[in-house]
Structure formats: C-alpha cells, structure tokens
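Written below as structure tokens is the structure these notes are about.
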Number of protein chains: 2
Amino acid sequence: MLNIYSIIMGVSKVEIYPQHINDIAQIAKVFSHPARVAILQYISIQESCICNDIVEEIGLSQSTISQHLKVINNAGLLQGTFEGKKICYCINIERFEMFQKIFDTFFNRTKQNCC
Amino acid sequence: MLNIYSIIMGVSKVEIYPQHINDIAQIAKVFSHPARVAILQYISIQESCICNDIVEEIGLSQSTISQHLKVINNAGLLQGTFEGKKICYCINIERFEMFQKIFDTFFNRTKQNCC
DNA sequence: ATTTAACATCGCAATATTACGATAATATAA
DNA sequence: TTATATTATCGTAATATTGCGATGTTAAAT
C-alpha cells in the first residue's frame with residue numbers, strides 16, 4: 001500500500017511526535033557519540049577551561065573535533081571566550097543542568113506507571 | 001598526511017575511547033530517536049503492559065516499529081512475555097534505572113570541576 | 001606586510017540509520 | 001487443514017553521520 005504523502009526514506013518523521021519527545025531525542029543525540037561525551041568530560045576536567053589540546057587528547061583530526069564541538073555548541077552546551085587566537089571552551093552549566101533534569105524527569109515519569 | 005592504519009571513513013572510532021565513555025554514548029543512542037522515546041513512554045503508560053497498538057499509536061509502519069523495538073530490546077530495556085500470539089512488552093525497570101543512574105553520574109561528575 | 005598558529009568550513013568517501021513494503025514465522029481460530 | 005492475526009526479518013532506497021585532508025579565516029607575532 002502506498003502512502004499519499006511522499007515518504008522520504010531514511011528520514012526521521014519528526015513531525016509526528018510531540019515536542020517533548022523530540023526534545024529528549026535531540027538532547028540524547030548530543031551524547032550519542034563517544035567523541036562528544038569525551039570532549040565534554042575533558043572540558044570539564046580542565047581547570048580554567050583552557051582548551052584545544054582536545055585534538056591531541058582525544059585522537060581525532062582537528063576538523064573532526066571541530067565538527068563535534070559544533071554539535072555540542074548548537075545544543076547550547078558551550079560558553080566560549082576568546083583568548084587571543086585561542087578559543088577557551090567552557091560548559092554552559094545552566095543548560096547542562098537543564099538537560100540533566102529533562103532526562104531525569106523522563107526516566108522518573110516512565111518508571112512511575114510501569115509493571 | 002596519511003594514516004598508517006587504514007581509516008574506514010564514516011565509522012566511529014569506538015576503540016579509542018575508554019569503556020565508560022562508550023557506554024554512555026551507546027545508552028544515549030537508544031534515546032536519540034523520537035520513535036524510541038515515544039515507544040518507551042507508551043509502554044510505560046499502559047497498565048498491565050498489554051501492547052502492540054503501538055503501531056497505530058505512533059504512526060509508523062509495523063516493520064519500522066519492530067526495528068525500533070529491537071534496538072530498545074538489544075539495550076536490555078524490555079521484558080517480554082507471550083500471551084498467545086501477542087507479545088506483551090514491558091520495561092525492564094532495573095535496567096532502566098541503571099541507565100538513569102549512569103546518566104546522572106555522568107552529569108554530576110562533569111558539572112563538578114567546571115568553571 | 002608576512003608569517004604563524006588556532007579554529008572553522010568545504011568537499012569527499014564510506015558506513016549507519018531510518019523508513020517502507022513484502023515476506024516469513026508462529027500461534028490461535030474457524 | 002486452512003485462514004487469520006501478530007510480530008520479526010529481508011531487501012531496498014534515501015538521508016544522516018562520521019571521518020579525513022585541504023582550504024579559509026582571523027588574530028597575534030615577526
């Protein structure tokens with residue numbers, strides 16, 4: 001049977017879900033690649049958040065790290081300050097805590113009614 | 001410059017990260033698609049966990065739902081009991097809580113040292 | 001003004017993911 | 001046995017993601 005609406009294969013049908021479901025999925029996506037988890041951990045460990053030895057630390061190319069940083073940044077998880085030609089990355093704690101809370105709420109709500 | 005090791009493009013280099021980083025990423029991946037979040041939520045809402053109206057509820061094809069269920073199941077998040085030809089899905093709460101804890105610990109640890 | 005250093009972006013190649021219909025498998029019902 | 005209903009799997013098509021080197025961009029250093 002054919003769908004009247006043109007189905008674009010391989011594309012998540014984001015429009016069929018309520019907002020809060022899409023939110024959780026989108027947040028989870030940020031953490032769904034080990035490089036991004038490692039980057040977040042590394043940034044958090046650095047005192048005074050002076051970065052980009054990240055490239056050497058993680059072991060991916062500079063362009064790849066930069067791409068992952070963009071994903072993290074687009075999620076609103078970074079606060080950057082410029083120090084000359086260096087960029088000093090730092091985690092946006094408020095946003096980070098918001099994500100933590102969204103996850104936690106989802107887990108608690110889901111557990112609530114279950115067998 | 002060329003890498004001595006044959007680089008397989010498009011593949012996550014999972015082997016360069018510590019276990020606990022990969023664990024978090026893999027868990028996050030389960031929740032990184034809205035269909036899977038929606039499925040988990042739906043299963044949790046049903047009393048006595050009698051399922052598979054999921055297909056109609058979510059609005060994806062039966063085969064697609066089945067695939068997503070497989071991902072959720074492979075993560076150890078489902079407990080299934082058979083009721084005749086129906087399968088009665090239910091969330092594995094212990095495992096679910098484990099995931100919640102892993103996320104929470106990651107968030108707390110990461111927040112700890114930050115600016 | 002040139003060079004250098006730190007990042008970002010572009011373009012490409014390859015795998016991964018998502019979606020569907022069709023089909024297979026299994027168990028009850030007729 | 002045959003039909004029906006439920007779920008899983010296969011095959012395919014298309015987008016998404018991941019990775020790299022090369023190239024831009026910008027600001028300090030020479």
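These numbers come from the heavy atoms of this one structure, side chains and all, not from hydrogens, waters or symmetry mates. Lettering follows sequence order; numbering is per chain, from 1.
- With distances taken from any side-chain atom of A/Lys13 to the nucleotides C/dA8, D/dT15, C/dA19, the minimum falls on C/dA19.
- Atom C1' of nucleotide D/dA8 and atom CG of B/Leu69 are separated by 10 Å, given to the nearest angstrom.
- Between A/Arg36 and A/His33 there is a side-chain heavy-atom pair separated by less than 4.5 Å.
- Listed candidates were C/dC20, C/dT9, C/dC7. Nearest to the side chain of A/Ile87 is C/dC7.
- If you measure from atom CD1 of B/Ile72 to atom P of D/dT7, you get 14 Å, rounded to the nearest angstrom.
- In this structure, the nucleotide among C/dC20, D/dT9, C/dT9 sitting nearest to the side chain of B/Ser61 is C/dC20.
- Atom CD1 in A/Ile58 sits roughly 15 Å away from atom C1' in D/dT18 (whole-Å rounding).
- Separating the CG atom of A/Asn74 from the C1' atom of D/dT17 is a distance of 15 Å, rounded to the nearest angstrom.
- The residue among A/Val11 and A/His68 whose nearest nucleotide of DNA chain D lies closer to the 5′ end is A/Val11.
- Contact annotation: A/Tyr89 does not reach the phosphate of C/dA6 (side-chain N/O to OP1 or OP2, under 4.0 Å).
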Exercise for the section: Apply side-chain hydrogen bond (donor to acceptor under 3.5 Å, both in side chains) to the pair B/Tyr42 and B/Asp53, showing each step before the final yes or no. Expected result: CA-CA 10 Å; B/Tyr42 183 69; B/Asp53 347 288; 2.9 Å; yes

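- B/Leu60 places its CG atom 17 Å from the P atom of C/dT17, with the value rounded to the nearest Å.
- With rounding to whole Å, B/Ile65 atom CD1 is found 11 Å from C/dA19 atom C1'.
- Side-chain atoms of B/Thr64 do not come within 3.5 Å of backbone N or O of B/Leu60 as any donor-acceptor pair.
- For the segment residues 21-38 of chain B, the set of residues with a heavy atom within less than 4.0 Å of an atom of DNA chain C comprises B/Lys29, B/His33, B/Arg36, in numerical order.
- Side-chain atoms of A/Gln62 and base atoms of C/dA8 include a donor and an acceptor less than 3.5 Å apart.
- Note: B/Phe103 and A/Phe103 have parallel aromatic rings, judged against thresholds of 30 and 60 degrees for the angle between ring planes.
- As judged by a 4.0 angstrom heavy-atom cut-off over every strand, A/Ser12 is placed among residues touching the sugar-phosphate backbone only.
- For the pair B/Lys70 NZ and D/dT9 P, the computed distance is 5 Å after rounding to whole Å.
- Taking CD1 of A/Ile39 as the start and CD1 of A/Ile65 as the end, the distance is 4.0 Å to the nearest 0.5 Å.
- Side chain of A/Ser66, nearest nucleotide from C/dA8, C/dA19, D/dG19: C/dA8.
- Closest approach to the B/Ser63 side chain among D/dT15, C/dA19, C/dA22 is made by C/dA22 (side chain taken as heavy atoms from C-beta onward).
- By the neighbour-count criterion of 12 heavy atoms within 6.0 Å, atom CD of A/Gln26 is sparsely surrounded, having that number or fewer from other residues, nucleotides or ligands.
- A donor-acceptor contact under 3.5 angstrom links the side chains of A/Gln19 and A/Asp23, judged on distance only.
- Protein atom CD1 of B/Ile16 is 11 Å distant from nucleotide atom C1' of D/dG19, rounded to whole Å.
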